[in-house]
Amino acid sequence: MTTAQFWGDYAQTKPSPRETNAAGERTWFNWTQYPEHGPDEEILCRQGFGMPERALELGCGSGRNIAHLASRGVTSVGLDLSDVQLSRARAKWGDVERLHFVQMEATEFLGKTEDRYDAVFSIFGALWFTDPAVSLPLVHDHLNPGGVLAFSHAPAIDGCYGAQGAYKGRFAGAPPILRRWAYTPQMWTGILLNYGFMDVSAVILPAPHAGDLGTLHVRAVRI
Ligand SMILES: C[S@@+](CC[C@H](N)C(=O)[O-])C[C@H]1O[C@@H](n2cnc3c(N)ncnc32)[C@H](O)[C@@H]1O
């Protein structure tokens with residue numbers, strides 16, 4: 001099974017996203033695994049500017065976050081390697097102006113495109129599943145000066161840092177492999193400074209209910 005097939009199967013297991021949020025809006029931003037929880041899209045603003053003019057989401061899935069940015073006037077690209085995820089995204093958000101979807105692996109796309117962005121972000125997305133030694137220099141090269149990188153995903157498990165690999169399914173035949181990278185907020189800060197980012201904020205956002213798993217949230221600025 002290929003990685004794209006794995007993510008296509010994952011998409012089939014996800015319940016359909018809610019049509020509207022508590023405020024009755026069709027699009028909204030959600031950095032965490034909990035509904036309507038965490039910061040909003042304003043953290044993608046460059047200092048002294050308003051919303052980014054151009055933004056890229058790496059691993060956009062069914063696309064609601066990037067559709068929300070486009071609805072706020074941002075020229076937006078939602079990238080995902082899964083055709084299943086992107087066909088859902090196109091079916092749902094194909095009518096949104098300034099929004100484009102690209103089906104490609106994130107580091108392959110960043111290695112090929114000449115485009116530059118004011119914000120690059122990833123929500124439980126491709127930046128969790130790619131080696132930061134590969135992805136961060138590419139993201140840095142494709143951000144405009146002062147541009148913002150932001151990402152979120154589950155926090156590292158205590159003592160389990162760096163590359164994590166797991167077979168998905170049975171240990172027989174050719175099971176799909178899932179790789180992801182896990183670091184503490186302090187480690188992320190060091191890594192991002194090392195790759196030429198500044199003003200790094202890396203935190204674990206507490207869950208809405210005490211005792212539940214929080215969310216790693218990282219924001220950094222390209223020098
Ligand atoms: C857990 S889902 C999250 C989707 C979406 N960001 C959300 O919050 O609902 C992870 C997504 O990242 C995509 N993905 C994983 N690795 C990727 C990579 N290297 N390049 C592009 N997309 C990737 C998967 O296809 C999947 O749609």
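Both counts, for ligands and for their atoms, begin at 1 and track the order of listing.
Nearest to atom 7 (C) of ligand 1 among the protein's heavy atoms is Ile123 O, 4.0 Å. When hydrogens are left out, the protein atom nearest atom 20 (N) of ligand 1 is Ala106 N, 2.9 Å; that is the closest non-hydrogen contact. For atom 19 (N) of ligand 1, the closest non-hydrogen atom of the protein is Glu105 OE2, 2.7 Å. Nearest protein neighbour of atom 27 (O) of ligand 1, counting heavy atoms only, is Asp80 OD2, 2.6 Å. Scanning the protein for heavy atoms near atom 16 (N) of ligand 1, the closest one is Phe129 CB, 3.7 Å. Nearest protein neighbour of atom 15 (C) of ligand 1, counting heavy atoms only, is Trp7 NE1, 3.5 Å. Closest to atom 3 (C) of ligand 1, if we only count protein heavy atoms, is Phe124 O, 3.4 Å. For atom 22 (N) of ligand 1, the nearest protein heavy atom (residue, atom name, distance) is Leu81 N, 3.3 Å.
In this structure, atom 9 (O) of ligand 1 has its sub-4.0 angstrom surroundings free of protein heavy atoms.
Atoms of ligand 1 lying under 4.0 Å from any heavy atom of Leu79, numbered from 1 in the order shown and given with element: 21 (C). The atoms of ligand 1 that sit less than 4.0 Å from any heavy atom of Gln85 are 26 (C), 27 (O). Less than 4.0 angstrom separates some heavy atom of Thr130 from each of these atoms of ligand 1: 19 (N). For ligand 1, the atoms closer than 4.0 angstrom to any heavy atom of Ser82 are 25 (O).
Under a 4.0 angstrom heavy-atom cut-off, Met104 registers as being in contact with ligand 1. By the 4.0 Å heavy-atom criterion, Tyr10 is counted among the residues contacting ligand 1. Using 4.0 Å as the threshold, Glu57 has a heavy atom nearer than that to some atom of ligand 1.
In this structure, Ala202 and Pro185 approach most closely via the heavy-atom pair O-CB, 3.2 Å.
Taking 4.0 Å as the cut-off between side-chain N and carboxylate O, Arg72 and Glu41 count as a salt-bridged pair.
Ring centroid separation for the pair Trp7 and Phe129 comes in under the 6.0 Å cut-off. Between Trp188 and Phe197, the distance separating the two ring centers is not shorter than 6.0 angstrom. If you look at Trp181 and Tyr183, their ring centroids are not closer than 6.0 Å.
The option with the heavy atom closest to atom 12 (O) of ligand 1, from among Gly59, Ser135, Gly61, Ser62, is Gly59.
Heavy atoms of Cys60 found under 4.0 angstrom from ligand 1 belong exclusively to the backbone.
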Go through it in stages, so that I can follow the logic: the residues are Gln85 and Lys14, the test is side-chain contact (heavy atoms from CB on, under 4.5 Å), and I'd like the CA-CA distance, side-chain angles, deciding distance and then a yes or no.
CA-CA 11 Å; Gln85 292 276 44; Lys14 293 270 285 178; 5.8 Å; no
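Side-chain atoms of Arg219 never come within 3.5 Å of backbone atoms of Ser201 as a donor-acceptor pair (strictly under, hydrogens ignored).
Side-chain contact, Thr107 with Glu105: a donor N or O sits under 3.5 Å from an acceptor N or O.
Under the 4.5 Å side-chain heavy-atom criterion for ILVMFWY residues, a single connected hydrophobic cluster contains both Leu136 and Leu79.
Note that CG of Leu216 is 4.5 Å distant from NE2 of His153, once rounded to the nearest 0.5 Å.
Relative to the six-membered ring of Trp28, Arg64 meets both conditions, a distance below 6.0 Å and an angle of at most 45° to the axis.
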